[in-house]
Amino acid sequence: MSSLNLDDFTDLIERPDGGVRRDAEAHREGRIVPPGSLGRLDDLGEWLAAAQSAVPVRPIERPRVVLFAGDHGIAGLGVSARAAGSATGLVREVLEGGRPVSVLARRLGVPVRVVDMALDCDPESLPEDVVRHRVRRGSGRIDIEDALSAQEAEAAFRAGMAVADEEADSGTDLVVLGDVSVGGTTAAGVLVAALCGTDASVVTGRGGLAIDDLAWMRKCAAIRDALRRARPVLGDQLQLLATVGGADLTAMTGFLLQAAVRKLPVVLDGVVTAACALVAQRVAFRAPDWWLAAHDSGEPGQAKALDRMALEPLLSHGVTVGEATGGLMALPLVQAAAALAAELPAKPEASEEPGEPGEPEEQAAEEPGGLAKPE
């Protein structure tokens with residue numbers, strides 16, 4: 001019997017402070033440019049103020065990218081353009097600075113943390129701080145078997161919670177969340193289809209490295225078969241993640257919920273993080289108030305999940321590479337919103353009109369050109 005009770009999150013997670021948000025709106029109304037003239041930046045600034053319980057809002061000074069990594073057995077069916085078990089190579093490229101997320105993070109001065117949950121490699125081949133939370137080597141093939149055992153699912157979920165606590169305790173003030181996986185978008189598609197009550201074809205996308213039509217059909221069939229296994233366990237979110245999720249997706253779900261408990265704002269990247277967020281919403285309905293959707297990747301499963309959570313993406317550039325790349329692209333917008341909310345000057349006081357009481361008579365009697373009217 002698991003000692004982890006997900007129902008506790010419903011009581012532990014509060015919404016961002018509504019009173020502070022109203023104070024932030026009032027503060028904004030007194031600024032030099034009209035409210036609404038900055039578009040969504042106004043809303044972002046007020047959301048941040050409520051999340052921080054601070055007016056004016058504090059600047060985002062210690063953001064961090066957190067990537068959960070894993071290989072998925074379903075990739076062995078040819079549902080991905082990458083070879084099954086090849087996520088380790090992607091992780092090494094991230095660590096060595098050669099992936100898009102590495103380039104953007106370097107440019108923006110944001111540290112990147114990679115958490116191995118189920119990579120298909122020897123743990124000794126990666127740094128200790130990357131592998132210390134690993135649950136297993138690869139996740140199961142979800143069309144015919146569970147991704148994780150019940151014990152592994154709980155361990156992965158608790159690992160995600162622990163990472164959220166570590167980030168909150170270290171002073172991180174905003175997390176950009178992403179994944180590094182092969183087969184992860186297939187597992188994400190199953191979760192979204194199961195929780196939204198839709199068919200496999202509605203959520204099946206082309207993935208980060210676009211697949212051809214044959215691979216898309218294989219992916220659609222894999223999601224369909226896994227969906228049959230997911231539907232009977234929809235009432236138990238941890239069992240759902242064990243059945244058709246994977247160690248990385250389970251850890252991300254735990255991370256999102258504990259981050260909400262710790263009042264740590266999170267920027268969601270692509271379809272995988274959106275699917276985990278959808279599971280987390282099912283656990284605690286107030287949790288999405290702590291998240292931002294960074295961008296619209298064009299993945300149908302992501303669009304379905306974000307619509308269900310009423311989260312509107314900040315950007316729409318069709319970035320499908322994953323690894324929190326789209327999330328990092330949205331970070332400057334969030335930082336800009338915080339800066340504008342905090343630093344815009346107040347409206348100037350109304351100046352006195354010429355000729356009002358208290359003005360010297362000589363000045364009031366002057367003709368244009370500065371000459372006094374003759375007596």
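Please read these numbers as outputs of a predicted model, since none were measured by experiment.
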For Gln302 and Asp269, indicate whether the former's side chain and the latter's backbone hold a donor-acceptor pair under 3.5 Å.
yes

Which atom pair, heavy atoms only, marks the closest approach of [X] to [Y]?
{"X": "Gly301", "Y": "Val192", "answer": "O-CG1, 3.6 Å"}
{"X": "Leu90", "Y": "Val180", "answer": "CB-CG1, 3.6 Å"}
{"X": "Ala147", "Y": "Ile142", "answer": "CB-CG2, 3.7 Å"}
{"X": "Leu119", "Y": "Ala87", "answer": "CD2-CB, 3.6 Å"}
{"X": "Val131", "Y": "Pro123", "answer": "CG1-O, 3.7 Å"}
{"X": "Thr273", "Y": "Met252", "answer": "CG2-SD, 3.9 Å"}

Any chance you could measure Gln258, atom CD, to Phe157, atom CZ, to the nearest 0.5 Å?
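One finds 8.5 Å between CD of Gln258 and CZ of Phe157.
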
Quick check for you: to the nearest 0.5 Å, what is the distance between Leu333 atom CG and Leu314 atom CG?
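With rounding to 0.5 Å, CG (Leu333) is 6.0 Å from CG (Leu314).
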
With heavy-atom distances below 4.5 Å as the criterion, would you say the side chains of [X] and [Y] are in contact?
{"X": "Pro265", "Y": "Trp291", "answer": "no"}
{"X": "Leu315", "Y": "Asp296", "answer": "no"}
{"X": "Asp122", "Y": "Arg137", "answer": "yes"}
{"X": "Leu174", "Y": "Leu331", "answer": "yes"}
{"X": "Arg113", "Y": "Pro111", "answer": "no"}

Under a 3.5 Å threshold, yes or no: a donor from one side chain and an acceptor from the other, between Thr185 and Lys219?
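Side chains of Thr185 and Lys219: pair found under 3.5 Å.
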
Classify the side-chain pair Asp179/Ser181 by whether it contains a donor and acceptor separated by less than 3.5 Å.
yes

Salt bridge or not between [X] and [Y]? Use side-chain N to carboxylate O under 4.0 Å.
{"X": "Asp43", "Y": "Arg28", "value": "no"}
{"X": "Asp23", "Y": "Arg21", "value": "no"}
{"X": "Asp146", "Y": "Arg229", "value": "yes"}
{"X": "Arg64", "Y": "Glu167", "value": "yes"}
{"X": "Arg15", "Y": "Asp289", "value": "yes"}
{"X": "Arg262", "Y": "Asp165", "value": "yes"}
{"X": "Arg92", "Y": "Glu96", "value": "no"}

Show your working on side chain to side chain contact (heavy atoms under 4.5 Å, CB included) between Met161 and Phe255 and close with a plain yes or no.
CA-CA 5 Å; Met161 292 173 60; Phe255 179 92; over 6 Å; no

Before you tell me yes or no, could you show the steps for Lys263 and Glu14 under salt bridge (Lys or Arg N to Asp or Glu O under 4.0 Å), namely the whole-Å CA-CA distance, both residues' side-chain angles and the distance that decides it to 0.1 Å?
CA-CA 8 Å; Lys263 302 183 177 181; Glu14 303 173 352; 3.5 Å; yes

One pair to check against side chain to side chain contact (heavy atoms under 4.5 Å, CB included): Leu278 and Met309. What are the steps and the verdict?
CA-CA 7 Å; Leu278 194 60; Met309 293 183 287; 3.9 Å; yes

Assess whether salt bridge (Lys or Arg N to Asp or Glu O under 4.0 Å) is satisfied between Lys304 and Asp307, documenting all intermediate values.
CA-CA 5 Å; Lys304 196 80 177 170; Asp307 181 67; over 6 Å; no

